[in-house]
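I have placed the structure first, in the form of structure tokens, so that the comments after it can refer back to it.
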Amino acid sequence: MIMLSQDAYPTRTQQSAAILARHDPVVYDRVSRAQTVQLDQEQRASYQQNGFLMMPDLFNAEEVAFLFDAMQRMREDFTHAGRPEVIAEPGSGEVRSIFNVHRLNEIFANLVCDPRVLNVAREILGSDVYIHQSRINYKPGFNGKEFYWHSDFETWHSEDGMPAMRALSCSILLTDNSEANGPLMVIPGSHHHYVSCMGETPDENYKKSLKKQEVGVPDEILLRYLADMGGIRSCTGKAGSVIFFDCNTMHGSNGNITPYPRSNVFFVYNSIDNQLEAPRSTLQPRPEFVAAREGIAPLSPKALNID
Ligand code: 6CS
Ligand code: FE
């Protein structure tokens, strides 16, 4: 008898939405006593329960200035360069995101290995880790558009073939994220529930979804159910603060009409034991700059050097 592997997280296959159970741990057991413990018990418990954790002021003012300059230089160098990694804002054409920054820029390549973030990812995911995806979301002043509600894992599972919920996003704030300029919003506890979405994924969906996601967005009734249950939390913080959130935490952010950019760099750490398989259904794999498949190797901690 041929055992077809049953998809534990089906989505975009039916004309109906559903909330399914999560089958994976949130905080994984440590692989060895030798593994560096970066979180205290309260932080681990909070991440397990809420699906996100804020760490204010993890990077100091000099480091933030150094990273901010690197971010601005990337935008100058890459704008109008016709690079596929650069996603423009619908309408204004301003830079919305630059993907793959950890492979395109040495400073961000070093930043992903800084123990203050890498060791948190290794601890939560209970293994060696690598970068599945990185991006700078610039969310410029006046014209920064929203990121509608979604679970990243719903996309990474269906479009990238990510097997299990054993990944997390690390958002490092490079400008102040205030209540006004479109901070990340999360629904605490939503990561415990998998929202299976309606609709079918068009070919090369990423060409649209990275500008404005329309497929793989949760049904409004289910979104209201999760929000009524867990509330909505705005992750505001000063530049240099860090937000870790589970791959399945429902999140989004409003547009930015203030004069003040809300620019964050995002690193997606994936367990080395959770590498991508073939995408669901008959989809072609997304490009390497959105979903890493080549040259996968465990990251080793190395402090960021700004001298
Ligand atoms: O498709 C993706 O992988 C990207 N889309 C969103 C809205 N968040 C995760 C990721 O950057
Ligand atoms: Fe996202």
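Whatever order the structure lists them in is the order used to number ligands and atoms, beginning at 1.
Here the protein heavy atom with the shortest distance to atom 4 (C) of ligand 1 is L210 CD2, 3.8 Å. Scanning the protein heavy atoms around atom 10 (C) of ligand 1, the nearest turns out to be Q133 OE1, 3.1 Å. Among all non-hydrogen protein atoms, the one lying nearest atom 6 (C) of ligand 1 is H150 NE2, 3.6 Å. Scanning all protein heavy atoms for the shortest distance to atom 9 (C) of ligand 1 gives D152 OD1, 3.0 Å.
Not one N or O of H251 is nearer than 3.5 Å to an N or O of ligand 1, by distance alone. An N or O contact shorter than 3.5 Å links R135 to ligand 1 by distance. Considering backbone and side-chain atoms together, R286 places an N or O closer than 3.5 Å to an N or O of ligand 1. Taking distance alone, with nitrogen or oxygen atoms compared against 3.5 Å, Q213 stays at or beyond that limit from ligand 1.
The ring of H132 has its center closer than 6.0 angstrom to the ring center of W156.
Residue D152 approaches the Fe ion (ligand 2) most closely through its N/O/S atom OD1. Nearest N/O/S atom of H150 with respect to the Fe ion (ligand 2) is recorded as NE2.
Side-chain contact, T175 with S263: no donor N or O sits under 3.5 Å from an acceptor N or O.
Between R166 and D246, none of the side-chain N atoms (NZ, or NE/NH1/NH2) sits under 4.0 Å from a carboxylate O, so this pair counts as no salt bridge. With respect to K139 and E89, no salt bridge is recorded, no charged nitrogen being found less than 4.0 Å from a carboxylate O. Using a cutoff of 4.0 Å between basic side-chain nitrogens and carboxylate oxygens, D114 and K302 are not scored as salt-bridged.
Residue F244 comes nearest to R116 through the heavy atom pair CZ-O, 4.1 Å, listed as atom of the first residue, atom of the second, then distance.
Proximity of W156 to ligand 1, defined as any heavy-atom pair under 4.0 Å, is confined to the side chain (atoms from C-beta onward).
Figure legend: R96 and F147 shown as a cation-pi pair, the cationic atom lying under 6.0 angstrom from the six-membered ring centre and within 45 degrees of its axis.
If you number the atoms of ligand 1 from 1 as listed, the ones under 4.0 Å from a heavy atom of T155 come out as 1 (O).
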Enumerate donor-acceptor pairs with a distance under 3.5 Å from any side-chain N or O in residues 48-58 to protein atoms, sequence neighbours excluded.
residue : atom : partner : partner atom : Å
Q48     : OE1  : V27     : N            : 3.3
N50     : ND2  : S46     : O            : 3.3
N50     : ND2  : S46     : OG           : 3.4

